[in-house]
Every structure is written in structure tokens, then in C-alpha cells.
Number of protein chains: 2
Amino acid sequence: MKAPASAPAQGSTAEPQEPRWLTDEEQRVWRSFMEGVTLLDDHLDRQLQRDAGMPHVYYGLLVKLAEAPRRRLRMTELAMLAKITRSRLSHAVARLEKNGWVHREDCPDDKRGQFAVLTDEGLEVLRQTAPGHVEAVRQAVFDRLSPEQQKSLGEIMRIVAEGLQPAEAGADLPWLR
Amino acid sequence: MKAPASAPAQGSTAEPQEPRWLTDEEQRVWRSFMEGVTLLDDHLDRQLQRDAGMPHVYYGLLVKLAEAPRRRLRMTELAMLAKITRSRLSHAVARLEKNGWVHREDCPDDKRGQFAVLTDEGLEVLRQTAPGHVEAVRQAVFDRLSPEQQKSLGEIMRIVAEGLQPAEAGADLPWLR
DNA sequence: GGACCCTCCTTGAACTTTAAACAAATGGCC
DNA sequence: GGCCATTTGTTTAAAGTTCAAGGAGGGTCC
């Protein structure tokens with residue numbers, strides 16, 4: 001299902017083509033990318049763990065909930081918005097519930113369904129910690145990039161994300177994209 | 001509690017300035033970034049877990065070792081190259097050792113020191129799985145970006161990485177950077 | 001109604017990561 | 001030599017993530 005990048009007739013039967021290795025320049029790009037991501041992720045995780053008592057992903061969940069109508073979302077919807085599996089979300093919400101930042105509610109329309117609801121306490125935590133988090137993001141990223149670079153980064157990562165979007169996602173779910 | 005976005009003399013004593021919130025456009029950039037990274041990371045992790053039986057980070061460790069002088073590196077050095085903590089590395093190497101991909105060796109010069117050494121078996125795993133991994137990276141990233149975008153991405157992430165490099169790193173370690 | 005398949009969400013076990021504490025060795029410094 | 005801070009790498013436990021399996025409801029087709 002992939003066409004050769006260049007000339008030679010590629011066997012159409014099996015996989016074992018000559019690998020399309022990265023050039024030195026591509027290597028450098030890729031390594032910078034992975035290093036940057038690793039360092040950034042760790043940095044933000046530590047910042048939030050210290051100041052908000054939760055990892056970055058969990059913080060992201062609270063943000064999504066805070067932005068949702070009535071501060072609530074179906075589990076599946078939240079999982080898709082946050083780009084995580086439902087399993088991971090189940091565990092995460094269980095933890096956040098224990099903290100009192102979120103609580104679950106049955107869905108009246110669909111007895112299988114669950115809403116995750118952001119509590120007042122959860123909203124308060126967000127209020128208190130958001131400034132510190134934005135500041136961290138700014139210092140690590142936006143303060144260091146020119147407006148053009150910021151724009152590029154957005155375009156580039158949007159392209160990457162689109163390419164990896166699980167095919168099903170949003171296809172039949174009107175509320176997404 | 002709203003302060004003007006621009007001029008005012010900033011109190012020099014404490015923290016509670018008006019947060020420098022992200023603009024809508026910055027928000028979009030940041031979210032695309034986080035989504036792209038999350039999806040990409042998961043994608044590569046699954047690809048490697050399936051085809052190589054290890055997470056992306058572990059694969060990265062084997063690569064570093066393969067490139068090192070006698071296929072060996074001191075634990076601390078490897079940890080810095082891979083941008084992970086020594087603790088995490090200890091666990092990772094323990095696991096890789098159990099797989100037979102790596103083995104530890106005492107450092108003759110420093111009795112505290114340990115080398116992580118890539119075994120023949122480990123090198124073989126790398127040989128077998130590298131093509132699949134590059135292909136995944138290509139399809140997810142390089143095939144989708146123009147040469148200019150690839151260049152930008154490299155520059156941008158290099159800047160971000162530099163800003164987060166633990167200050168100590170490389171300062172006194174001649175073998176790094 | 002009943003068979004069947006799909007979706008929603010949870011669960012438990014295995015594995016990975018984190019954070020904090022620690023022993024041993026090193027390297028000044030006096 | 002002896003003292004002391006630092007470096008090296010590991011360990012423990014707790015927290016988070018993944019994977020595969022599963023219970024339960026919904027939807028469709030006959």
C-alpha cells in the first residue's frame with residue numbers, strides 16, 4: 001500500500017524492502033524532537049506533581065471537564081478528547097474521585113454510561129494551579145520561540161496528530177471534530 | 001483581579017502576578033502539540049512493544065549502547081544521553097538484562113561504577129526491529145512534513161530541549177556535548 | 001421474544017515509572 | 001591519615017499504565 005520513494009521496481013508481494021533509513025539530518029531532527037519531548041514532559045509532570053499533586057495527564061482531564069457544558073463528560077468522550085484509552089481513564093478517574101476533584105454520575109439515557117463530573121473542589125484546584133502551569137509552559141516553550149516558530153509548531157504537530165488519529169475516532173461521533 | 005496585559009510596574013517581591021495566560025492561538029498550538037506528542041508516543045510504544053517486546057525508551061537505550069565505543073556506557077552517562085533518571089535506568093537495565101539484551105560489567109577505574117553493555121543478542125534484536133521502527137517513524141512524521149517543516153521542527157525542539165537541559169548536565173562532564 | 005453483535009466501562013495482573021532513602025566509593029581538605 | 005561532602009548506582013514502595021478479559025446494556029434482525 002506504499003509506493004516506492006524512488007525508482008527501483010519494488011517487489012509487490014512481501015515486506016522485506018530495503019529500509020528507508022533516516023538521513024543524518026533526519027536523525028538529528030528526530031533526536032532533538034525526542035529529547036525535547038522527553039525533557040518537556042518530565043518537566044511539566046514534575047511541576048504539576050509538586051504544585052497540584054497530580055500528573056500532567058490528570059490535570060488535562062480536569063481542564064477538559066472544566067470546559068465542558070455542565071462540567072461533565074461521558075467517559076468515552078473524555079477519553080477521546082484526552083487521547084487516552086478508556087482503561088487508563090477509568091483508573092485516572094478513580095484516583096481523581098478519591099481526591100474529591102471529580103465524581104461519577106450515571107447517565108440517565110444509557111444505563112451503561114457514566115459521566116465524569118468536575119466538583120467545585122476540583123475546579124478550585126484548577127484555579128489555584130493553572131497560573132503556575134501556564135507559566136511553566138510559557139517559560140519552557142513560548143518564551144523561547146518566535147511567532148513564526150510557534151505557528152510552524154502548531155501546523156506541524158497538527159499534521160502529525162491527524163495522521164495518527166485512530167480512524168474510528170470522530171467518524172461516527174458527531175460531538176468530536 | 002485583572003491587571004493590564006502590558007505596562008505596569010511589576011512588584012518585585014512576591015509571585016502572585018497576573019498570570020500570563022495563553023492566547024487562543026497559543027492554546028491551539030499547545031493543544032496540537034500535546035495531542036500530537038501523545039498520539040505519537042503511544043503509537044511508537046505500541047509498535048515497539050508488539051514487534052520488539054519493549055517500550056520505546058528501552059529501545060532507545062539499546063540504540064545508545066549500540067553507538068557507543070565498545071557497545072558500552074556507564075550508567076550515569078547512559079541516563080544522561082537518554083534523558084532519564086538513574087533510578088529509571090536501573091530498573092530498565094535490570095529488565096533488559098533479564099532479556100539477555102544487555103549485561104552489566106564492573107568499572108575497573110571506579111568501584112562504584114557499572115557499565116551497561118549491549119550483548120550480541122541485543123544487537124541482533126536491534127537489527128531485526130530497526131527497519132520496522134524507522135518505517136513507523138517515517139510514516140508518522142517525515143512522510144507528512146515538507147523539508148522546511150522538518151527543518152523547523154528540528155530547530156524548535158532543539159531550542160526547547162536546550163532550555164530544559166538540567167543545568168548540571170554537561171557542565172562538568174566532558175563526554176557530553 | 002431471542003440470538004447475536006457491538007458499545008460502555010471496569011477490573012486485575014503484570015509491568016513501568018517515580019520518589020525517597022541508602023550503602024559504598026571517591027575526592028578534596030586539613 | 002581522617003573527615004566530610006559528593007557521586008554512583010541500587011532498592012523499596014507507591015503510583016501510574018497497559019493489556020486482556022469480562023459484565024452489562026443497547027440495537028438489530030428474524
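Letters A, B, ... are given to chains in the order of the sequence lines, protein chains preceding strands, and every chain is numbered from 1. Values below: all heavy atoms of this structure, side chains included; hydrogens, waters and symmetry mates excluded.
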Tell me whether [X] is salt-bridged to [Y], with the criterion being a basic N under 4.0 Å from an acidic carboxylate O.
X	Y	result
B:Arg46	B:Asp51	no
A:Lys151	A:Glu148	no
B:Arg158	A:Glu35	no
B:Arg138	B:Glu135	no

Sugar-phosphate only, base, or nothing, as touched by [X] at under 4.0 Å among non-hydrogen atoms:
X	result
B:Asp110	sugar-phosphate
B:Arg104	sugar-phosphate
B:Tyr58	sugar-phosphate

Which whole-number value in Å describes the distance from [X] [atom1] to [N] [atom2]?
X	N	atom1	atom2	result
B:Met80	D:dT7	CE	P	10 Å
B:Asp106	C:dA24	CG	P	15 Å
A:Glu77	C:dT7	CD	C1'	15 Å
B:Asp41	D:dG16	CG	C1'	15 Å
B:Lys111	C:dG27	NZ	P	11 Å
A:Leu89	C:dC9	CG	C1'	9 Å
A:Leu78	C:dC8	CG	C1'	14 Å
A:Arg112	C:dC8	CZ	P	6 Å

So, does [X] get its side chain near the phosphate of [N], meaning an N or O under 4.0 Å from OP1 or OP2?
X	N	result
B:Arg88	C:dT18	yes
A:Arg95	D:dG16	yes
A:Arg74	C:dT7	no
A:Arg46	C:dA19	yes

Side chain of [X] only, heavy atoms from C-beta on: which candidate in [options] is closest?
X	options	answer
A:His91	D:dT11, C:dT11, C:dC8	C:dT11
A:Arg86	C:dC9, D:dG16, C:dT17	C:dC9
A:Thr76	C:dT11, C:dC9, C:dA19	C:dC9
B:Ser87	D:dT7, C:dA19, D:dG26	C:dA19

On DNA chain D, check which nucleotide each of A:Thr85 and A:Asp109 is closest to and give me the residue with the more 5' one.
A:Thr85

DNA chain C: 5'-proximal contact among B:Gln49 and A:Met75 (nearest heavy atom):
A:Met75

Heavy atoms of other groups near A:Arg50 CZ, more than 12 under 6.0 Å:
yes

Enumerate donor-acceptor pairs with a distance under 3.5 Å from any side-chain N or O in residues 56-65 of chain A to protein atoms, sequence neighbours excluded.
none

